[in-house]
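Notes follow the structure.
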Amino acid sequence: MKIKDAEIISLMQHPRTQEKGVRALMDAYQSRLYWHIRRIIVDGDLAQDTLQETFIKAYQNFHQFKNDSQLYTWLYRIATNEALQQVNKMKKMQKTDEDPEYHMQNLVADNTGEDAEEIQILLQKAIQSLPEKQKLVFMMRYYDDLPYEEISKIVDMSVGTLKTNYHYAKQKIEEYIKENYER
C-alpha cells in the first residue's frame with residue numbers, strides 16, 4: 001500500500017512520528033528523485049550522494065513546506081537545486097587541461113552501458129551539450145513527463161519561457177543527432 005502525501009506530511013509535522021515520516025517520504029520518492037538527479041549528474045555514486053543530501057535538506061527544512069504545492073514538487077525543487085550545486089562544484093574542480101569530449105564520452109559510456117546503441121549515446125551527448133536551463137527543462141518534460149505548470153514551480157520560470165527552452169532544446173538535439181549519426 002502506498003502512503004499518501006497527506007499522511008507523510010502529518011507524520012513529518014509531529015516530533016514523535018517524524019522518523020516514520022522520513023522513512024515514508026524516502027520510500028515514496030526515492031526512486032523518482034534518484035532518476036531525476038541521475039539525468040543531471042551522470043555519475044551514479046554522486047547522484048546517490050546528492051539524493052541523500054536532498055532528503056537531509058527536506059528533513060531539516062520541512063517546517064518551511066507550506067503545503068501550497070504538492071510534496072513531490074517541493075522535493076523535486078530541492079533535488080534540482082542540490083544536483084545543480086553538485087554540477088557547479090564538479091565544473092570548478094575539473095582540470096582545465098582535460099579534454100571535454102573525452103570526459104563526456106566517459107560519462108555517457110558509464111551511463112548507457114557497453115551494449116548501448118549509437119543513437120542512445122548521441123541522444124545523451126546532445127542533452128549534455130545543451131545550456132543548463134534547456135537541459136533541465138528538457139529532462140523534466142521529456143523523461144519525467146511533468147506538465148509545464150509543475151516545472152514552472154520547481155525552477156521558478158514562466159510557462160512561456162519553459163516552452164521556449166524546451167522547443168530550442170528539442171531543435172538542438174535533433175540537429176546534433178542528424179549531424180553526428182553515421183549510418
Run through Q70, H36, R32 and flag the one making a side chain to side chain contact (heavy atoms under 4.5 Å, CB included) with Y76. H36
Output the distance between atom [atom1] ([X]) and atom [atom2] ([Y]), rounded to the nearest 0.5 Å.
{"X": "K135", "Y": "R39", "atom1": "NZ", "atom2": "CZ", "value": "13.5 Å"}
{"X": "E149", "Y": "I151", "atom1": "CD", "atom2": "CD1", "value": "9.0 Å"}
{"X": "I40", "Y": "Q85", "atom1": "CD1", "atom2": "CD", "value": "11.5 Å"}
{"X": "Q124", "Y": "I173", "atom1": "CD", "atom2": "CD1", "value": "9.5 Å"}
{"X": "S152", "Y": "L146", "atom1": "OG", "atom2": "CG", "value": "12.0 Å"}
{"X": "M12", "Y": "E7", "atom1": "CE", "atom2": "CD", "value": "14.5 Å"}

Please find the pair of heavy atoms, one from [X] and one from [Y], that lie closest to each other, and give the distance.
{"X": "I37", "Y": "A83", "answer": "CG2-CB, 4.3 Å"}
{"X": "G21", "Y": "I8", "answer": "O-CG2, 4.0 Å"}
{"X": "L75", "Y": "T54", "answer": "O-CG2, 4.1 Å"}

Do we see a donor-acceptor contact under 3.5 Å between the side chains of T50 and E82? no
Within a radius of less than 6.0 Å around [atom1] of [X], do more than 12 heavy atoms belonging to other residues, nucleotides or ligands occur?
{"X": "Y59", "atom1": "OH", "value": "no"}
{"X": "Q18", "atom1": "CD", "value": "yes"}
{"X": "Y168", "atom1": "OH", "value": "no"}

Min side-chain heavy-atom separation [X]-[Y] under 4.5 Å:
{"X": "D144", "Y": "M139", "result": "no"}
{"X": "Y176", "Y": "L130", "result": "no"}
{"X": "D49", "Y": "I41", "result": "no"}
{"X": "Y29", "Y": "D5", "result": "yes"}
{"X": "K133", "Y": "P131", "result": "no"}
{"X": "H167", "Y": "Q134", "result": "no"}
{"X": "Y143", "Y": "I127", "result": "yes"}
{"X": "N180", "Y": "K125", "result": "no"}

Donor-acceptor pair, distance only, cut-off 3.5 Å: does the side chain of [X] make one with the backbone of [Y]?
{"X": "T164", "Y": "G160", "result": "yes"}
{"X": "T17", "Y": "K20", "result": "no"}
{"X": "R141", "Y": "D145", "result": "no"}
{"X": "R77", "Y": "V155", "result": "no"}
{"X": "N61", "Y": "Q64", "result": "no"}

Check against side chain to side chain contact (heavy atoms under 4.5 Å, CB included), M26 and Q52: CA-CA 9 Å; M26 291 174 74; Q52 294 306 317; 4.1 Å; yes
For the pair W74 and N67, evaluate side chain to side chain contact (heavy atoms under 4.5 Å, CB included) and give the outcome as yes or no after the intermediate values. CA-CA 9 Å; W74 184 71; N67 217 3; over 6 Å; no
In plain terms, say whether E174 and K170 are close enough for a salt bridge, that is, a side-chain N and a carboxylate O under 4.0 Å apart. no
Under the side chain to side chain contact (heavy atoms under 4.5 Å, CB included) criterion, do F62 and I9 qualify, and how do the steps go? CA-CA 9 Å; F62 196 79; I9 292 167; 4.1 Å; yes
Give the ring-plane orientation class for Y166 versus F138, where under 30° counts as parallel, over 60° as perpendicular and anything between as tilted. parallel
Find out if a path of hydrophobic residues (ILVMFWY) with successive side-chain heavy-atom gaps under 4.5 Å connects L25 to I56. no
Can L51 and Q48 be said to form a side chain to side chain contact (heavy atoms under 4.5 Å, CB included), step by step? CA-CA 5 Å; L51 176 65; Q48 188 65 42; 3.8 Å; yes
